[in-house]
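Lettering follows sequence order; numbering is per chain, from 1.
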Amino acid sequence: MAEFIRDLKRTHSCGELTAKDVGKEVILFGWVHNRRDHGGAVFIDLRDRAGLTQVVFEAEAGREMHDLAQELRYEFCIGVRGKVVSRGGNVNPRLVTGEIEVHAAQLAIFNRSETPPFLIEDKIDTAEDKRLHYRYLDLRRAPLQQTLMKRSEMNAVTRQTLNRLGFLELETPFLVKYTPGGARNFLVPARLSPGKFYALAESPQLFKQLFMVAGFERYFQIVKCFRDEDLRLDRQPEFTQIDLEMSFVTQDDVFAAVEELVTALWSEVLGVEIAKPFPRMRYEQSMREYGNDKPDLRFGMQHVDLTSLIAEFKGAGVPMWQSFATAAPGQIVKALRVPASANFSRTETDKLEEIAKGMGARGLARAKIGETGEWTQSPLAKSIAKEARDAINAATGAQAGDILLFQFGKEAMVHTVLANLRLHLGKRLGLIPEYGTPDPKRADSWKFLWVVDPPLFEYNEELKHWVAAHHAFTRPHDESIQYLETDPGKVLCYRYDLVLNGFEIGGGSIRLHDPAVQERVFAAMGISPKEAEQKFGFLLQALRFGAPPHGGIALGMDRLAFLLTGAESLRDVIPFPKTQKGTDLMTDAPGDADPEQLRELHIAVTYKPQT
RNA sequence: GGGGUGUUAGUUAAGCUGGUUAUAACGCCGGCCUGUCACGCCGGAGGCCACGGGUUCGAGUCCCGUACACCCCGCCA
């Protein structure tokens, strides 16, 4: 008899047979998704990556085959030869292939399966650590398969689009020299240079600039990056970027290229046409109204800055606000208005305070607005001056029944607390979903935004000097350069972040290619020319050999896929992700090193696990 | 480094103020069944209640600690 695979090749997938195929002899390979054994007839849903097809094994089609069919269980890997038959009145409308079924004439069990630890169903109801332990089974689920197939498509569209725009796909090394600053690097011992280490590249940043110096003009790469930092819902220790760099461009040119790419992804993978150009917002406005540089513009509830108002009223009579009677740098007062329609109970407001405290707040002062604008249920009510209260009501637009939430103190803390409270309230009030996009086919479900013109430096309290907010090679605005020596905090630059629905999906800059300005930038950070040479020598040297003006961006491919597919977690768009502690539950990485390996590397482990 | 939530059959969960033999559904095993597609029916097996201490006559339940997973702050910028 003809043997499957050797003689009998697969003719169709399990997702494509319809009424027009009735009468055909077909050969299908796949996994037993479900079985319904009626004694005389065994029904099997056969699954492959394309879908499900019902296969029927009837007693009269052959005793031997029917007996074998009764042995089938979940996840057996099988081959079937049979005839496509119309289901007549028994159509299953929930299956693409529901009009037909395959009446089997020949069955082979390629491999039996142990009872799987969880069922391979679309609906995920298994704890994530168990899914990760048996990731190869989890990846059999249709939603994950579809997500990864979309990701594959995204890769293809990225390559097509960027090729069309004249970008060259060039590779850069993973094993690189450690450069200080930025993310913590993973270290790799260099056996051939005893006692020395490579770093795993946290990004191809320096190398892509060298491609520009070399004259490639337009570079891109879909590339893994490695950062040894703590994980979050949207952060993995190894992740993928669409990295690109362009010569002879302004910021607007970079935006145009990226918008071309992103709209192509949404159009071709999702079938949604996103309007170009994307809106832009200045960094200053983003911080003021949303408390971070990645505002979710799907809903309002902006922060209201009351710092100058409180200073104007000399603290407004409120004891807690006396330190704000005069505006002090780095200290702010802000409010968030919860509309009356939220109908928040006391308990719920208390819960908000707990959330705030969890993020470093000392408390969460609040005020419920009464019919005549008076404040109730508020620790501020007794002491607040009436004029100040009315001014705050006016500034926040507070109406009767609304609740005002106040946060004051260090700017960074106030921003963190209120930015997260705003998102929490947005979800709680149903203005945005917990995750994903309820209506992904609608263009206005997608709020793309460029956040532009941020400061070049930020002041580091610990180091007591200015440090680069992005990296030291970002080009300042020409009109800002005059402040490099006198007021570094005022220097804005050509750095930009692309934000989608509250997630940063990309960031980049126009690079600084003028050695004279570069020197002044280093000086502002207290870095001497000699020191700069030590840290960034090869790049600085390269820039002195006729470097073209250039700039670029890196887009987070995992986050793009995460948002585009509406996944619940970044882990759902990565085939083999790590846990929050950076471990792999399937392979049990990281593991111990063999003493012999360590000897070869001249490494001694001094860590002693606590007992 | 810090805060929060969780951990009970293979899986998902229930188990109240501590009280006899820890429940259910799905899955698993055996039997019956030719039109099911969440197939159905009959029967059965399956548990160190995460781990270690403590309180108590008695702990799945209360307390402390540890581990692991997830979410957040710091970190990543």
Side-chain angles (χ1 to χ4, degrees), chain A residues 33-46 52-61 66 70 73-75 85 87-95 97-98 101 103 114-134 137 181-185 202-203 225-237 239 283 292-294 351 354-361 412-413 416-417 419-421 423-424 434-435 451 454-455 457-458 460 467-471 474 495 497 504 507 509 556 568-569 571 578-581 583 585 609-611:
Chain A
H33 186 68
N34 196 7
R35 79 188 158 99
R36 295 172 292 280
D37 183 351
H38 283 241
V42 178
F43 298 87
I44 294 292
D45 291 333
L46 188 64
L52 294 176
T53 298
Q54 174 163 284
V55 180
V56 190
F57 303 91
E58 290 181 302
E60 49 267 32
H66 182 252
Q70 288 196 307
R73 293 294 182 274
Y74 282 110
E75 298 311 311
V85 175
R87 289 218 211 166
N90 281 325
V91 166
N92 182 347
R94 292 165 58 190
L95 285 185
T97 60
E101 62 193 7
H103 284 219
E114 287 182 17
T115 302
F118 46 78
L119 289 182
I120 312 302
E121 296 170 319
D122 290 6
K123 192 178 147 285
I124 296 168
D125 62 350
T126 308
E128 201 182 358
D129 50 349
K130 298 213 168 58
R131 293 173 50 203
L132 291 176
H133 189 261
Y134 298 97
L137 294 181
R184 187 183 293 116
N185 292 111
E202 61 185 79
S203 80
C225 301
F226 306 88
R227 293 182 190 174
D228 187 8
E229 297 292 347
D230 285 6
L231 275 38
R232 286 286 188 283
L233 176 78
D234 60 348
R235 282 169 18 196
Q236 280 276 308
F239 59 99
Y283 177 90
N292 62 27
D293 58 357
K294 45 176 187 176
K351 198 181 152 203
E354 287 310 308
I355 294 171
K357 282 182 175 170
M359 282 178 297
M413 182 279 291
T416 298
V417 170
N420 284 298
L421 270 187
L423 290 176
H424 175 84
E434 279 297 324
Y435 64 89
V451 175
F457 304 109
E458 58 192 29
N460 186 307
V467 298
H470 182 53
H471 66 76
T474 304
R495 179 192 134 204
D497 284 338
E504 182 200 317
S509 64
E568 194 168 340
S569 153
R571 291 181 296 277
K578 306 256 188 309
T579 68
Q580 195 156 45
K581 284 183 79 179
T583 62
L585 295 179
Q610 287 158 350
T611 47

Partner lookup for [N], please. Criteria are Watson-Crick or G-U wobble with both distances under 3.5 angstrom; report none if nothing qualifies.
{"N": "B:U56", "result": "none"}
{"N": "B:G43", "result": "B:C29"}
{"N": "B:U21", "result": "none"}
{"N": "B:C68", "result": "B:G6"}

Does any donor-acceptor pair link the side chain of A:Glu458 with the base of B:A77 at a separation under 3.5 Å? no
Has the side chain of A:Arg227 got a donor or acceptor atom sitting under 3.5 Å from an opposite partner on the base of B:C76?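 Side chain to base: no pair below 3.5 Å.
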Might you list the N or O atoms of the protein lying below 3.5 Å from N or O atoms in nucleotides 36-39 of chain B, with each pair's distance?
from, atom 1, to, atom 2, distance (Å)
B:U36, O4', A:His38, NE2, 3.3
B:U36, O2, A:Arg36, NE, 2.5
B:U36, O2, A:Arg36, NH2, 3.4
B:U36, N3, A:Gln54, OE1, 2.9
B:U36, N3, A:Gln54, NE2, 3.0
B:U36, O4, A:Gln54, NE2, 2.7
B:U36, O4, A:Arg87, NH1, 3.4
B:C37, O4', A:Arg36, NE, 3.0
B:C37, O2, A:Gln54, OE1, 3.3
B:C37, O2, A:Arg87, NH1, 3.3
B:C37, O2, A:Asn92, ND2, 3.1
B:C37, N3, A:Arg87, NH1, 2.6
B:C37, N4, A:Asn90, O, 2.7
B:A38, OP2, A:Arg94, NH1, 2.4
B:C39, OP1, A:Asn34, ND2, 3.4
B:C39, OP2, A:Asn34, ND2, 2.4
B:C39, N3, A:His38, NE2, 3.3
B:C39, N4, A:Asp37, O, 2.4

Tell me which nucleotide among [options] gets nearest to the side chain of [X].
{"X": "A:Arg235", "options": "B:C73, B:C28, B:C75", "value": "B:C75"}
{"X": "A:Ala183", "options": "B:G74, B:A69, B:A77", "value": "B:A77"}
{"X": "A:Glu504", "options": "B:A77, B:C26, B:C73", "value": "B:A77"}
{"X": "A:Arg571", "options": "B:A69, B:C70, B:G27", "value": "B:C70"}
{"X": "A:Glu229", "options": "B:C75, B:C73, B:C70", "value": "B:C75"}

Interatomic distance, [X] [atom1] vs [N] [atom2] [rounded to whole Å]:
{"X": "A:Lys357", "N": "B:G74", "atom1": "NZ", "atom2": "P", "answer": "19 Å"}
{"X": "A:Gln70", "N": "B:C32", "atom1": "CD", "atom2": "P", "answer": "9 Å"}
{"X": "A:Leu421", "N": "B:C73", "atom1": "CG", "atom2": "C1'", "answer": "13 Å"}
{"X": "A:His424", "N": "B:C73", "atom1": "NE2", "atom2": "P", "answer": "14 Å"}
{"X": "A:Leu231", "N": "B:A69", "atom1": "CG", "atom2": "P", "answer": "11 Å"}
{"X": "A:Lys294", "N": "B:C76", "atom1": "NZ", "atom2": "P", "answer": "14 Å"}
{"X": "A:Asn185", "N": "B:C76", "atom1": "CG", "atom2": "C1'", "answer": "12 Å"}
{"X": "A:Glu121", "N": "B:C26", "atom1": "CD", "atom2": "P", "answer": "12 Å"}

Spacing of the [atom1] atoms in [M] and [N] (rounded, Å):
{"N": "B:A14", "M": "B:G54", "atom1": "C1'", "value": "28 Å"}
{"N": "B:C70", "M": "B:G30", "atom1": "C1'", "value": "40 Å"}
{"N": "B:U61", "M": "B:G6", "atom1": "P", "value": "15 Å"}
{"N": "B:U5", "M": "B:C49", "atom1": "P", "value": "24 Å"}
{"N": "B:G3", "M": "B:U20", "atom1": "C1'", "value": "42 Å"}
{"N": "B:G1", "M": "B:C76", "atom1": "C1'", "value": "16 Å"}
{"N": "B:U23", "M": "B:U36", "atom1": "P", "value": "36 Å"}
{"N": "B:U11", "M": "B:G46", "atom1": "C1'", "value": "13 Å"}

Residue pair A:Phe43 / A:Asn34, side-chain heavy-atom distance below 4.5 Å: no
Within the structure shown, what part of the strands sits under 4.0 Å from A:Thr583 by heavy-atom distance: base, sugar-phosphate, or nothing? sugar-phosphate
A:Gly98 near the nucleic acid: base, sugar-phosphate alone, or nothing, with a heavy-atom cut-off under 4.0 Å?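 Contact class for A:Gly98: none.
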As an exercise, state the distance from [atom1] of [X] to [atom2] of [Y], rounded to the nearest 0.5 Å.
{"X": "A:Leu52", "Y": "A:Leu46", "atom1": "CG", "atom2": "CG", "answer": "8.5 Å"}
{"X": "A:Asp234", "Y": "A:Phe239", "atom1": "CG", "atom2": "CZ", "answer": "11.0 Å"}
{"X": "A:Tyr134", "Y": "A:Asp129", "atom1": "OH", "atom2": "CG", "answer": "11.0 Å"}

Do you know the tightest heavy-atom contact between [X] and [Y]?
{"X": "A:Val451", "Y": "A:Tyr283", "value": "CG1-CA, 3.8 Å"}
{"X": "A:Asp497", "Y": "A:Gly507", "value": "OD1-CA, 3.4 Å"}
{"X": "A:Glu202", "Y": "A:Cys225", "value": "O-CB, 3.2 Å"}

[N] OP1/OP2 closer than 4.0 Å to side-chain N/O of [X]:
{"X": "A:Arg232", "N": "B:A77", "value": "no"}
{"X": "A:Lys581", "N": "B:C68", "value": "yes"}
{"X": "A:Thr579", "N": "B:C68", "value": "no"}

Tell me whether A:Arg571 is salt-bridged to A:Glu128, with the criterion being a basic N under 4.0 Å from an acidic carboxylate O.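 Looking at A:Glu128 together with A:Arg571, the answer is yes, because their closest N to O distance falls below 4.0 Å.
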Should the pair A:Arg184-A:Glu229 be classified as a salt bridge under the 4.0 Å nitrogen-to-oxygen rule?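 Answer for the salt bridge query: yes.
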Please confirm whether the backbone N or O of [Y] pairs with a side-chain atom of [X], one donor and one acceptor, at under 3.5 Å?
{"X": "A:His66", "Y": "A:Gly39", "value": "yes"}
{"X": "A:Thr583", "Y": "A:Thr579", "value": "no"}
{"X": "A:Gln236", "Y": "A:Leu231", "value": "no"}
{"X": "A:Arg35", "Y": "A:Arg73", "value": "no"}

Encode nucleotides 5-13 of chain B as B, S and - characters from 5' to 3', where the letter depends on protein heavy atoms closer than 4.0 Å: B to the base, S only to sugar-phosphate, - to neither. -----SSS-
How does protein contact run along nucleotides 43-49 of chain B, one letter per nucleotide 5' to 3', with B for base contact, S for sugar-phosphate only, - for none, heavy atoms under 4.0 Å? -------
Nearest-nucleotide wise, let me know which of A:Leu132 and A:Val56 is further upstream toward the 5' end of RNA chain B.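 The residue mapped nearer the 5' terminus is A:Val56.
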Judged by modelled atom types alone, do A:Gln54 and A:Arg36 share a side-chain donor-acceptor pair under 3.5 Å? yes
